[in-house]
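All chains are named by letter (A, B, ...) in the order of the sequence lines, taking the proteins before the strands, and each is independently numbered beginning at 1. Treat the numbers as computed from the prediction; the structure is a model and nothing was measured.
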Protein chains: 4
Amino acid sequence: MLQAARSAFEEQGLGVPLGEIARRAGVGAGTVYRHFPSKEALFRATIVDRIELFTDTARDLADVADPGAVFFRFLSSVVRLAARNKALCDALEAAGAGRFEPSPGVGEDFDDALEVLLRRAQEAGAVRQDVGIADLRALLVGCLSMERALPGCGSDGGVPGRMTALMCDALRAERAVTELETEPVKRNESRCGVCGAAISAARTGRPARYCGGACRQKAHRARERTRQT
Amino acid sequence: MLQAARSAFEEQGLGVPLGEIARRAGVGAGTVYRHFPSKEALFRATIVDRIELFTDTARDLADVADPGAVFFRFLSSVVRLAARNKALCDALEAAGAGRFEPSPGVGEDFDDALEVLLRRAQEAGAVRQDVGIADLRALLVGCLSMERALPGCGSDGGVPGRMTALMCDALRAERAVTELETEPVKRNESRCGVCGAAISAARTGRPARYCGGACRQKAHRARERTRQT
Amino acid sequence: MLQAARSAFEEQGLGVPLGEIARRAGVGAGTVYRHFPSKEALFRATIVDRIELFTDTARDLADVADPGAVFFRFLSSVVRLAARNKALCDALEAAGAGRFEPSPGVGEDFDDALEVLLRRAQEAGAVRQDVGIADLRALLVGCLSMERALPGCGSDGGVPGRMTALMCDALRAERAVTELETEPVKRNESRCGVCGAAISAARTGRPARYCGGACRQKAHRARERTRQT
Amino acid sequence: MLQAARSAFEEQGLGVPLGEIARRAGVGAGTVYRHFPSKEALFRATIVDRIELFTDTARDLADVADPGAVFFRFLSSVVRLAARNKALCDALEAAGAGRFEPSPGVGEDFDDALEVLLRRAQEAGAVRQDVGIADLRALLVGCLSMERALPGCGSDGGVPGRMTALMCDALRAERAVTELETEPVKRNESRCGVCGAAISAARTGRPARYCGGACRQKAHRARERTRQT
DNA sequence: TATGAATGAGTATTCATTCAT
DNA sequence: TATGAATGAATACTCATTCAT
């Protein structure tokens with residue numbers, strides 16, 4: 001059933017009727033609900049492992065030599081895989097808009113792992129300094145849109161990558177032309193996701209996500225609630 | 001009524017219920033159908049003039065000096081305007097996926113005008129040679145996705161532009177680090193949309209769209225049918 | 001399993017999903033069905049003993065001195081216990097509407113035992129003469145409704161009793177201001193439940209329920225069928 | 001359609017499928033939703049006028065001589081009318097449990113009008129002093145339960161009133177036997193419905209419902225939200 | 001015998017489109 | 001011609017009951 005849901009979501013995105021999934025799985029609609037409490041829960045279940053795979057890969061690459069090449073290669077491969085997968089595209093877009101979280105922590109773990117690769121590439125001088133992790137998330141969404149928009153690519157069965165290569169060039173540090181107007185949107189410079197208070201950026205350690213324990217706890221409870229939905 | 005539809009579509013995209021549009025216009029739903037045979041026809045009607053405006057602007061810029069600056073400025077302004085307009089975003093994305101055409105010829109005219117600016121900028125050495133008009137269309141869709149994905153931009157009321165600036169950098173000739181894998185998809189190198197035969201690229205004049213008069217006529221009749229739907 | 005069903009029904013009434021009961025019992029839904037042919041049968045099984053307990057208590061009180069006090073105390077205690085038990089409330093209400101019978105004979109035994117207390121109290125001059133057992137059954141349902149309707153009582157965890165005390169006052173002989181319009185509905189004056197013929201009221205012995213042996217047998221077979229459902 | 005909904009709700013209560021209502025009205029389900037945004041809104045619409053009728057009647061009776069007789073007659077007639085109407089029964093019961101409000105203010109107006117009759121009857125010495133408006137609301141629910149529980153009454157087409165007459169006797173002041181344990185639950189002695197703070201009872205004027213302007217405003221906004229549902 | 005996965009009819013709600021007036 | 005009431009298919013979700021293992 002998960003397989004049926006996966007393929008249905010990958011082809012048609014979050015919009016597939018649940019009945020279609022049940023039909024593909026050869027079961028009744030009720031059976032789907034027996035296993036997953038809601039359509040969104042099923043959707044989450046079909047993509048968490050994909051995102052975790054990305055996260056794991058990124059973590060594995062954190063120590064590999066030539067951080068610049070590693071970063072660009074990783075970015076390209078993520079786009080290449082996700083562009084064929086409307087479920088991932090929908091999820092990334094919805095997550096960007098704050099309408100969706102695959103599973104508590106999964107999105108953040110991915111961000112963290114990606115940020116490490118970005119930082120290393122920046123420190124190695126391979127990637128321009130004025131982009132942050134939030135830029136990168138948006139860029140990912142954009143690449144997917146582009147690859148899918150390009151005729152003969154994405155869902156059409158073509159080989160994606162062309163537009164992503166273009167984007168990678170945009171990120172390269174050498175000969176940066178335009179200076180981006182605003183400061184890079186780095187997560188550890190942004191605000192507490194719960195109360196909105198400014199968070200002072202610590203130089204070392206994992207960047208703080210909340211302004212303090214109270215808000216972290218509040219967010220944790222919210223995640224718990226989400227997990228039960 | 002067109003005004004009501006326009007604002008509704010701009011705010012909520014193709015997803016607005018038709019009843020909402022009728023309500024805003026202060027008329028009955030039937031009256032909307034009296035003037036437009038379907039919701040999609042109404043949608044088309046609300047965006048053609050926007051696209052034509054872009055087309056006209058692009059044509060006006062075709063003779064202005066400093067083709068590189070002109071090109072980048074035009075691109076940015078299109079994104080800036082469209083990012084606040086969910087109707088345009090939806091239309092561009094759907095058009096890219098081949099699911100939608102604003103009106104026969106309108107999309108192509110825009111492409112043509114945009115292509116002229118692109119060519120001039122390329123000839124002036126400002127834009128890398130390995131991108132084509134199809135790339136540019138995809139890139140437009142991607143920019144809109146990115147701007148809307150970036151927190152505090154797009155629909156959130158922020159000032160778009162950051163990601164577009166990045167994209168523009170990607171297009172600059174002096175940044176062309178990677179050679180794009182596949183050949184740029186140039187329209188006049190593609191195939192006849194009707195019979196699929198290869199079309200020999202003419203060096204001058206408006207690029208041929210069909211392999212000959214028979215196919216052009218066939219396509220015209222198809223468009224007539226579409227227009228009535 | 002019976003215990004799990006009991007607590008579930010007591011808390012949420014007949015409306016609990018069967019799956020919830022199975023979950024509480026730590027068994028599969030199929031196992032519940034192995035023991036009870038339907039949800040209603042399980043429901044019946046969880047309340048018969050409660051009603052039988054009431055019946056037994058009433059029988060024990062049939063000889064106790066001060067019939068008036070006994071009657072009122074019994075009535076109050078039934079309400080007090082049942083008000084906290086949504087299963088009993090639902091059962092009593094449905095039984096009153098003729099939609100439900102806990103088990104063949106159980107409801108009638110309760111009625112009989114209650115009727116004895118009522119008669120004794122009436123003979124002792126403590127309860128007004130113009131109420132019958134059918135009135136009392138309705139009154140029970142009403143008391144439960146009232147206790148549950150009163151804020152801070154019933155399901156809210158408050159102490160029930162206030163409205164029941166009022167009802168008891170209504171039953172007291174010395175309060176009989178109004179003469180009840182219609183005759184009290186006495187069961188032994190009603191009609192044969194099978195053929196509808198009038199049943200002559202015997203002064204002594206257990207009141208006849210059917211007009212004769214033929215109808216009694218017919219009713220018995222019907223009960224057997226019900227038991228299997 | 002309102003007529004169809006009314007009769008359906010009256011017969012089967014809030015539980016009627018919306019499709020049944022549509023069928024009775026001879027229209028599609030969508031048409032019902034055209035006129036009423038939700039099933040509950042339709043339900044409200046079918047009972048507000050009934051409750052307002054009660055309220056108006058009660059107000060008209062506020063000046064009539066012999067307050068005791070007026071009070072009891074009014075109570076009986078409300079029960080008589082409502083007992084045949086499962087919609088009203090459901091509404092009164094749900095309202096008592098705080099799960100439902102027919103329309104902003106309607107329930108409170110009814111309470112106010114009823115309270116006036118109660119107070120007058122108490123001042124005239126016709127009704128015992130130890131019952132309050134909250135008791136009366138519960139009592140109403142109880143009477144309806146009883147009348148419907150009595151065989152041959154309520155929905156069965158019989159003449160209701162018997163149990164209500166009994167309840168009226170319970171309310172009569174002359175020779176009150178039991179003193180009700182707790183204080184009467186009078187609304188103006190209870191707590192602020194918003195913040196729960198105690199409200200000091202004013203001797204004159206309309207009894208305060210909220211502890212102050214802040215809470216009154218909060219409740220007003222809540223009602224506004226309800227009205228839009 | 002016990003299990004729990006599967007079933008499928010039923011419910012409220014939405015919305016593009018049609019059509020009588 | 002303009003209206004807006006009517007339509008009905010579609011969708012997510014629930015739950016009593018069945019049945020293969």
task = Take A:Glu101 and A:Glu108, measure what side chain to side chain contact (heavy atoms under 4.5 Å, CB included) needs, and give me the verdict at the end.
result = CA-CA 9 Å; A:Glu101 200 192 2; A:Glu108 283 139 5; 3.9 Å; yes
key: chain A contact limits on DNA chain F, taken 5' to 3' with a cut-off of 4.0 angstrom to heavy atoms   =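 Under 4.0 Å from chain A, the extent on DNA chain F is F:dT11 to F:dC15.
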Side-chain polar contacts of residues 86-94 of chain A - donor-acceptor pairs under 3.5 angstrom, sequence neighbours left out - could you list them?
unit_1  : atom_1 : unit_2  : atom_2 : d
A:Lys86 : NZ     : A:Asp90 : OD1    : 3.2
A:Asp90 : OD2    : A:Leu14 : N      : 2.9

note = Base-pair string, DNA chain F, Watson-Crick plus G-U, cut-off 3.5 Å on both distances, | for inter-strand, is .||||||||||||||||||||
task = Summarise protein proximity over nucleotides 7-14 of chain E in one line of letters, 5' to 3': B for base, S for sugar-phosphate only, - for none, counting protein heavy atoms closer than 4.0 Å.
result = BB--SSBB
Side chains of C:Arg34 and C:Val27 in contact at under 4.5 Å (non-hydrogen atoms) =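 The answer is no; the side chains never approach within 4.5 Å.
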request  = Salt-bridge test for B:Glu40 and B:Arg44: reply yes if a basic N is under 4.0 Å from a carboxylate O, no otherwise.
outcome  =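 Salt bridge between B:Glu40 and B:Arg44, a charged N being under 4.0 Å from a carboxylate O: yes.
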ask   = Using 4.0 Å as the upper bound for N to carboxylate O, is an ion pair formed by A:Arg24 and A:Glu20?
value =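 Yes, charged N to carboxylate O under 4.0 Å.
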ask   = What residues form a ring-ring contact (aromatic ring centres under 6.0 Å, His included) with D:Phe100, not counting sequence neighbours?
value =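 ring-ring contact (aromatic ring centres under 6.0 Å, His included) check on D:Phe100 returns D:Phe43.
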task = Can you tell me which residue pairs pass the ring pair (Phe, Tyr, Trp, His ring centres under 6.0 Å) test with a partner in residues 13-36 of chain C, sequence neighbours excluded?
result =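 Sorted result for residues 13-36 of chain C: empty, none.
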query = Is B:Lys39 reaching over with its side chain to a backbone N or O of B:Val16, donor-acceptor style, under 3.5 angstrom?
reply =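 The answer is yes, because a donor-acceptor pair under 3.5 Å joins these two groups.
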task = To the nearest 0.5 Å, tell me how far B:Ile47 CD1 sits from B:Glu52 CD.
result =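 Interatomic distance, B:Ile47 CD1 to B:Glu52 CD, rounded to 0.5 Å: 10.5 Å.
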message = Quick check for you: to the nearest 0.5 Å, what is the distance between C:Leu144 atom CG and C:Asn85 atom CG?
response =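 Nearest 0.5 Å value for the CG-CG distance: 9.5 Å.
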